[in-house]
Amino acid sequence: MNIASTASAPFKVLLASVFATSLAACQSTPSSDVSVSPSAYTAEIPELTCAAHGSVKGAAAKLTANRTRPGDPAYMEFRQRLSPGIPSGHMYVVFGRLDAKGNPVTRQYNGLFPKGSLLGLYGGAIIPMPSELKPSYSDCNFTTGAAYRVSLTEAQYQRLLSKVRANLANPPLWTMFGFNCNNYAASLGSVAGLVEPSNRALPSFAYIYAYIEVNGDKKPPAKKPV
């Protein structure tokens, strides 16, 4: 028996409505129409976040110089901070993804410092020392003295990730006057075509400004009081 032919008019309308609703529910939204919110981004190398020191997201820093191109999906940021163990300070890299407005949504920290605390630090003035690459408490919590942000294309970012992973698998040796934290950070910057200053032995608090300048960027001029 044909139920549709014997059903009343109102019942036919109800059936049609239910059928249309079911059909719509079965249709999926095209992937091109689905936007990914910044909260959906996750760190590609979780052990390099500041999770172990109290903050998965890390902390923002006041920028000394900024070379962010609209549309770039990622960035690397060279930071300099004070160091309790050495007057020159410490330089390291923070990297991650950018949102559509060019703001960081993930932060992963990578820098080179010697194992063995002060013994490793000053021993590195004589012989190469084994190194650490994961963020320290100081990297995650000390105030940044200077910061230089450079945005990256997807290809550049993938090269950076590959380089960092290779370093984690086989950490380079640390030497105070041969390959220190400054030189390591600059080696990562090479994925974006950045170069080191001619004086590679500058202390970190001076090296970062020389690094900014040699790569064609300058600290913005101070605003005049109104």
Side-chain angles (χ1 to χ4, degrees), residues 43-53 58-59 61 64 75-96 107-150 152 157 159-215:
E44 291 88 354
I45 310 178
E47 63 266 37
L48 295 185
T49 69
C50 284
H53 304 292
T64 307
Y75 74 101
M76 63 192 311
E77 196 171 285
F78 304 88
R79 295 187 181 185
Q80 186 274 333
R81 63 164 175 80
L82 293 176
S83 172
I86 188 168
S88 65
H90 179 59
M91 183 168 164
Y92 57 102
V93 173
V94 178
F95 62 91
R107 293 185 182 90
Q108 294 154 96
Y109 293 63
N110 188 218
L112 183 76
F113 53 95
K115 290 184 177 181
S117 189
L118 291 179
L119 180 63
L121 184 66
Y122 289 102
I126 304 170
I127 59 172
M129 301 297 292
S131 67
E132 295 278 2
L133 293 168
K134 295 180 182 179
S136 66
Y137 176 87
S138 301
D139 292 337
C140 295
N141 292 282
F142 278 24
T143 300
T144 301
Y148 174 35
R149 183 183 297 165
V150 177
L152 305 173
Y157 189 58
R159 288 200 296 272
L160 174 62
L161 292 175
S162 295
K163 200 173 185 73
V164 170
R165 289 186 176 114
N167 290 335
L168 288 171
N170 186 24
L173 296 175
W174 186 93
T175 56
M176 186 176 290
F177 302 110
F179 193 73
N180 57 35
C181 61
N182 301 329
N183 312 128
Y184 177 77
S187 75
L188 298 182
S190 66
V191 302
L194 303 180
V195 298
E196 284 200 79
S198 57
N199 186 352
R200 298 177 70 250
L202 288 169
S204 294
F205 61 78
Y207 183 96
I208 190 166
Y209 292 101
Y211 189 65
I212 291 169
E213 187 171 356
V214 75
N215 285 292

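Remember, predicted model here, so these are calculated numbers, not experimental data.
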_To the closest 0.5 Å, what do you measure between CG (L168) and NZ (K163)?_
13.0 Å

*Got a second to check how far Y148's OH is from Y209's OH, nearest 0.5 Å?*
13.5 Å

_Name of the residue among S136, S131, C181 meeting side-chain contact (heavy atoms from CB on, under 4.5 Å) with F113_ = S136

_Does E47 have more than 12 heavy atoms from other residues, nucleotides or ligands lying within 6.0 Å of its CD?_
yes

*asked:* Is it the case that atom CG in L82 sees more than 12 heavy atoms from other parts of the structure closer than 6.0 Å?
replied: no

*Give a yes or no answer on whether the side chain of Q108 reaches the backbone of A43 with a donor-acceptor pair at less than 3.5 Å.*
no

*Rounded to the nearest 0.5 Å, what's the gap from CG on L160 to CZ on R165? Could you check?*
9.5 Å

*Does R159 reach the main-chain N or O of V191 with its side chain, forming a donor-acceptor pair under 3.5 Å?*
yes

*Residue pair Y184, V93: steps toward the side-chain contact (heavy atoms from CB on, under 4.5 Å) verdict*: CA-CA 9 Å; Y184 177 77; V93 173; over 6 Å; no

*Please test F95 against Y157 for side-chain contact (heavy atoms from CB on, under 4.5 Å), starting from the C-alpha separation and ending with a verdict.*
CA-CA 9 Å; F95 62 91; Y157 189 58; 3.9 Å; yes

*asked:* Using side-chain heavy atoms (C-beta onward) and a distance below 4.5 Å, is V164 in contact with L188?
replied: yes

*Distance from I208 atom CD1 to N182 atom CG, nearest 0.5 Å?*
9.0 Å

*Minimum-distance pair of heavy atoms, taken over all atoms of A125 and F177*: CB-CE1, 4.1 Å

*Counting N and O atoms only, with roles assigned by atom type, does the side chain of N215 sit under 3.5 Å from a partner on the main chain of V195, one being a donor and the other an acceptor?*
yes

*Considering all heavy atoms of both residues, which atom of Y211 and which atom of G189 are nearest to each other, and what is their separation?*
OH-CA, 3.7 Å

*Step-by-step side-chain contact (heavy atoms from CB on, under 4.5 Å) determination, E77 to R107*: CA-CA 9 Å; E77 196 171 285; R107 293 185 182 90; 5.8 Å; no

*Test item: L112 and F179 side chains (from C-beta on) under 4.5 Å apart, heavy atoms*: yes

*What is the minimum heavy-atom distance between N167 and L133, and which atoms define it?*
O-CD1, 3.2 Å

*Atom pair OG1/CE of T144 and M91 - distance to nearest 0.5 Å*: 12.0 Å

*What are the two closest non-hydrogen atoms of T175 and P128, and how far apart are they?*
CG2-CA, 3.3 Å

*side-chain hydrogen bond (donor to acceptor under 3.5 Å, both in side chains) with Y207: which residues, sequence neighbours excluded?*
E196

*Of the non-hydrogen atoms in A185 and F78, which two are nearest, and what is the gap between them?*
O-CE2, 3.3 Å

*Nearest atoms (heavy-atom pairs only) where R81 meets Y92*: CG-CE2, 3.8 Å

*Is there a donor-acceptor pair under 3.5 Å between the side chain of N110 and the backbone N or O of L48?*
no

*asked:* If the condition is side-chain hydrogen bond (donor to acceptor under 3.5 Å, both in side chains), which residues does N180 pass it with, not counting sequence neighbours?
replied: none

*Okay, side chain of T64, backbone of A147: is any donor-acceptor separation there less than 3.5 Å?*
yes

*Under 3.5 Å, is there a donor-acceptor pair between the side chain of Y109 and the main chain of D139?*
no

*For H90 and S138, indicate whether the former's side chain and the latter's backbone hold a donor-acceptor pair under 3.5 Å.*
no

